Amino acid sequence: MKTVTENLMDPKGSIKKLNKTPSQKVNILMVDDHPENLLALEAVLNSPNYNLISAHSGKEALKCMLQHDFAVILLDVQMPGLNGFDTAKLIKAREKTKNIPIIFITAISQEIEHVHQGYSVGAIDYIFKPFQPETLKKKIEQFVKIHQNHQETIIQTDLGHLLELNKVNKRLDRTTLNLRRTEALSKAVSETITDTIVTFDNQGCILSVNPAVTSMFGYQAKELLEKHVLKLFPKWENEVSCHSPLSFISTIRQSVGKIIEVVASRKDKSCFYGDLLIASTIIEDEQIFVCTVRDVTERKEIEKVKKQRFHNLEHVVEARTLELTKSNKKLQKEIEERKRMADHLFRSQERFRKIFDSSPLLKAILLQKDLTFIDINASWTKFTGYRSNELIHQKINRENFIDESSGKPIDLKNKIRNKKIRYETKDGEVRSGLLSTEMIDIDSEPCTLVVLNDITERVHLENEMYRLDRLNLIGEMAAGIAHEIRNPMTTVQGFLQLSRNRADNLSTDFIDLMLEELNRANSIITEFLNLAKNKISVKKKQNLNAIIEALSPLIQAEAFRSNKQLKLDLGECPDISLDEKEIRQLILNIALNGLDAMTSNGNLTIKTFQDDETVVLQIKDQGQGINPEVLSKLGTPFFTTKETGTGLGLAICYSVAKRHDAQIEIETGDDGTTFSIRFQINPILNTV
């Protein structure tokens, strides 16, 4: 009993545990059959203090209610199966969940009857989409505070119960101490009191008594002499009157050496409990009995009290044990629940990490206060070329992210939505993208989520389509212009030839000059016709290296004229389908442009090689490179940087490449420009 009492009287540890209970994340249930809406709510409500749990239907939401306790429920109205109103009714019908606040969120049911129906089934609020994120966050914060206050009230109630138990245990300790003192006092009284000693013969006649009989029984010694000993013990006397006196002597003899509990009677007829210790001796052949009487009334009372207290203590211990058993079961359930919550949180974090890392969009998380990187995903590393350890804990270089409309660095401290920008990679490549940012909290620290959608390939494709559209337009226009100009030119040319044979008309010099100018105009028109969409290419299987070798003396002569060098690096290539005349014009146009771009002593390199299923023609100069603004306009008819150029050379090259199902790629820098033309070994022939 002492051990049990000591265990019960140590509630301090439990009180400290209650006082030191760490604040747990508050569960918030979001119910919507559209995953994008759930993601939007998570983005708005994301907080280290909240545990956001998503459900895609009313049935799934009810399952979550059986597994978790929630501070607030965000419930969509329109859902397949159980709609929001039916789900709310089932939640409110359950005793454990009827007090959880419900907020309806809908983009459809805005009629007043739907709103009234929402409030009638127990909703706290009815919000229409699109909602204000900050307003929703504030409302959720208030409901969370109410939930936390309720939890604190429960903890304070448990604390009060523990304090009350502590008081009961202290009173029990005092009672036990008093009981021990009473036992000690009783023992001391028993040892110090003077016992009454009575001697009587085998007939029960009192022979002598000691002086203690007066204080114990109230009789004087002479009043008891020769009286029967049963005078002191009336209950024995009643029993003896019903039986023969021999039964009394028989009982006395059987009780020799034993302690008998009796009820004694004083002279004033009052009774008390006594212990009789009987001894027997033989004096002059007569058996004499010596009886020691000890008043044990107080001991009997103490034992009665002890018995009653022990009985009461057993009830207290039993009740307390039952209460502790229930508390232990409840605590065990809480431990299991917290473990499930921890496991769920771990799985949620793992899922979000996989989503973050595997996203095809470039994603990074920055601290708002100084714009330093916290984390980046694999796509950021892939597109920018920077490794994770090169950026984490480093400030972002805003000069690498330029607003395409204004040409100024992007301000990442403001919220941005799909702003078209240019960004620079580690290798210095400038790429295009759509930038968006979102303000979030991570471990109570304000952060910025940066999402960049790389659209470089799309921009290149759009530019190429735009250039091809313009090229087709110019081609169609060229065909029309050529048709309209050649007819009168043919007439003029015939007339002048006819007039040349008649000496009385024009001089031969004038006529020759006119013919020369007409031939020059016809040559320009012929070159312009190369852009025409309906131009027919005459292709046949031949080797690209043979065309280059036949054309190289002409290019070499032009190079020597300006003190430059031509280098040929012709690799082994298979025969492909080519129009020799058009390919010669393409090579000559690009080679002459390369020679014009270089200063004296420059080298022009023409290289061929096979790359998988393509034959590649590379023409590389050592000029100063092409300005980005000029690069974006290359191939556009009539665009030129030369004072005497027509702007048709590269446009013709692109037209020739298109008719040969080939691709032109340009790499430019401070050390020169390289034109790469890729011909398919087995192309889909297009002669138009």
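As the structure is a computational prediction, the values presented were derived from the model and not from experiment.
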Colleague: Going by the angle between their ring planes, with limits at 30° and 60°, are H660 and F679 parallel, tilted or perpendicular?
Modeller: perpendicular

Colleague: For the residue pair S562 and S600, what are the closest heavy atoms and their distance?
Modeller: O-OG, 4.2 Å

Colleague: Going from CG on L367 to CD1 on I396, what distance comes out if it is rounded to the nearest 0.5 angstrom?
Modeller: 12.0 Å

Colleague: Under the 3.5 angstrom rule, does the side chain of T384 hit a backbone N or O of T425 as a donor-acceptor pair?
Modeller: no

Colleague: First locate atom CD1 of I421, then atom CG of L435, and finally report the distance between them rounded to the nearest 0.5 Å.
Modeller: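 Separation between the atoms: 4.5 Å.
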
Colleague: Report the residues that fulfil side chain to side chain donor-acceptor pair (under 3.5 Å) with T437, sequence neighbours left out, ordered by chain and then residue number.
Modeller: none

Colleague: Testing the basics here: between A550 and R584, what is the closest heavy-atom pair and its distance to 0.1 Å?
Modeller: CB-NH1, 4.2 Å

Colleague: Distance alone, cut at 3.5 Å: any donor-acceptor contact between the side chains of D596 and N593?
Modeller: no

Colleague: Between OH of Y386 and CH2 of W380, what distance do you get to the nearest 0.5 Å?
Modeller: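 The distance works out to 10.5 Å.
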
Colleague: Side chains of S359 and N377: do they bring a donor and an acceptor to under 3.5 Å?
Modeller: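 Per modelled atom types, S359 and N377 side chains form no pair under 3.5 Å.
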
Colleague: Is there a side-chain contact between R659 and D579 (heavy atoms, below 4.5 Å)?
Modeller: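 Not touching, per the 4.5 Å side-chain cut-off.
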
Colleague: For the residue pair L371 and K413, establish whether any side-chain heavy-atom pair is separated by less than 4.5 Å.
Modeller: yes

Colleague: Taking the side chain as C-beta and beyond, is there a heavy-atom pair between L361 and L452 under 4.5 Å?
Modeller: no

Colleague: Could you check L74 against I127 for side-chain contact (heavy atoms from CB on, under 4.5 Å), going step by step and ending with a plain yes or no?
Modeller: CA-CA 10 Å; L74 300 174; I127 298 177; over 6 Å; no

Colleague: Check N589 against C653 and note the closest heavy-atom contact, atom names and distance.
Modeller: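 The pair with the smallest heavy-atom distance is CB-SG, 3.6 Å.
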
Colleague: Check whether any side-chain heavy atom of F383 lies under 4.5 Å from a side-chain heavy atom of R431, and answer yes or no.
Modeller: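 A side-chain contact under 4.5 Å exists here.
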
Colleague: Would you tabulate the side-chain donor-acceptor contacts of residues 35-47 under 3.5 Å, counting partners in other chains and residues two or more places apart, or write 'none'?
Modeller:
unit_1, atom_1, unit_2, atom_2, d
N37, ND2, D32, OD1, 3.4
N37, ND2, D32, OD2, 3.4
E42, OE2, S54, OG, 3.0
S47, OG, N49, N, 3.2

Colleague: Does E141 pair with K137 as a salt bridge, N-O distance under 4.0 Å?
Modeller: no

Colleague: Take N601 and N563 through the test side-chain contact (heavy atoms from CB on, under 4.5 Å) and record every step on the way to the result.
Modeller: CA-CA 6 Å; N601 300 321; N563 195 23; 3.4 Å; yes

Colleague: How many angstroms lie between atom CZ of F373 and atom NE2 of H393, to the nearest 0.5 angstrom?
Modeller: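 Interatomic distance, F373 CZ to H393 NE2, rounded to 0.5 Å: 12.5 Å.
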
Colleague: Around E429, counting heavy atoms of other residues, nucleotides and ligands shown, do more than 12 lie under 6.0 Å from its CD?
Modeller: yes

Colleague: Between atom OG1 of T608 and atom CD of Q618, what is the distance when rounded to the nearest 0.5 Å?
Modeller: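 Answer for the OG1-CD pair, T608 versus Q618, is 9.5 Å.
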
Colleague: Given T673 and F675, is the side-chain contact (heavy atoms from CB on, under 4.5 Å) satisfied, shown in steps?
Modeller: CA-CA 7 Å; T673 301; F675 281 78; 3.8 Å; yes

Colleague: Do the non-hydrogen side-chain atoms of I606 and L568 ever get within less than 4.5 Å of each other?
Modeller: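 Yes, their side chains come closer than 4.5 Å.
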
Colleague: Tell me every residue that passes side chain to side chain donor-acceptor pair (under 3.5 Å) with N603, counting only those two or more places apart in sequence or in another chain.
Modeller: none

Colleague: So, taking the atom named CD in Q542 and the one named CD1 in I576, what distance separates them when rounded to the nearest 0.5 Å?
Modeller: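 CD1 of I576 is found 8.5 Å from CD of Q542.
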
Colleague: Sequence neighbours left out, what pairs pass salt bridge (Lys or Arg N to Asp or Glu O under 4.0 Å) with at least one residue falling in residues 387-401?
Modeller: R387-E390, E390-K426

Colleague: With the side chain counted from C-beta on, respond yes when V451 and L362 share a heavy-atom pair under 4.5 Å apart, and no when they do not.
Modeller: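 They are not in contact (no side-chain heavy atoms under 4.5 Å apart), so the answer is no.
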
Colleague: Mind checking whether L604 and I619 have side chains closer than 4.5 Å, heavy atoms only?
Modeller: yes

Colleague: Before giving the answer on side-chain contact (heavy atoms from CB on, under 4.5 Å), spell out for I555 and L588 the whole-Å C-alpha distance, their side-chain angles and the decisive distance to 0.1 Å.
Modeller: CA-CA 7 Å; I555 301 174; L588 191 60; 4.0 Å; yes

Colleague: Check whether more than 12 heavy atoms from other residues, nucleotides or ligands sit under 6.0 Å from atom CG of D370, and answer yes or no.
Modeller: yes

Colleague: Heavy atoms only: give me the nearest K539-S577 pair and the separation to one decimal.
Modeller: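 Minimum heavy-atom contact is CB-OG, 3.2 Å.
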
Colleague: Is any side-chain heavy atom of T674 closer than 4.5 Å to one of S676?
Modeller: yes

Colleague: Would you check if the side chain of S655 reaches a backbone N or O of I652 as a donor-acceptor pair within less than 3.5 Å?
Modeller: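 Answer holds: no.
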
Colleague: Under 3.5 Å, is there a donor-acceptor pair between the side chain of Q368 and the main chain of C447?
Modeller: yes

Colleague: For a quick test of reading the model, state the closest non-hydrogen atom pair linking N543 to N545 and the distance between them.
Modeller: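 Closest heavy-atom pair between N543 and N545: OD1-N, 2.8 Å.
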
Colleague: For the pair T668 (side chain) and G625 (backbone), establish whether a donor and an acceptor sit closer than 3.5 Å, ignoring hydrogens and angles.
Modeller: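 No; judged by distance alone, with no hydrogens or angles, the pair does not exist.
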
Colleague: Could you note down all residue pairs passing salt bridge (Lys or Arg N to Asp or Glu O under 4.0 Å) where residues 610-627 supplies at least one of them, sequence neighbours left out?
Modeller: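 Listed once each, the pairs are D611-R678.
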
Colleague: Just by distance, no angles: are the side chains of D403 and S405 close enough, under 3.5 Å, to form a donor-acceptor pair?
Modeller: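 Yes.
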
Colleague: What pair of heavy atoms forms the shortest contact from I583 to V656, and how long is it?
Modeller: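 It is CD1-CG1, 4.3 Å.
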
Colleague: For residues 555-567, which residue pairs pass the salt bridge (Lys or Arg N to Asp or Glu O under 4.0 Å) check, not counting sequence neighbours?
Modeller: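 Matches after skipping sequence neighbours: E558-R561.
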
Colleague: So for atom CG, which belongs to D670, do other residues, nucleotides or ligands contribute more than 12 heavy atoms lying within a distance under 6.0 Å?
Modeller: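 No.
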
Colleague: Under a 4.0 Å N-O cut-off, is there an ion pair linking R417 with E438?
Modeller: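 Yes, charged N to carboxylate O under 4.0 Å.
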
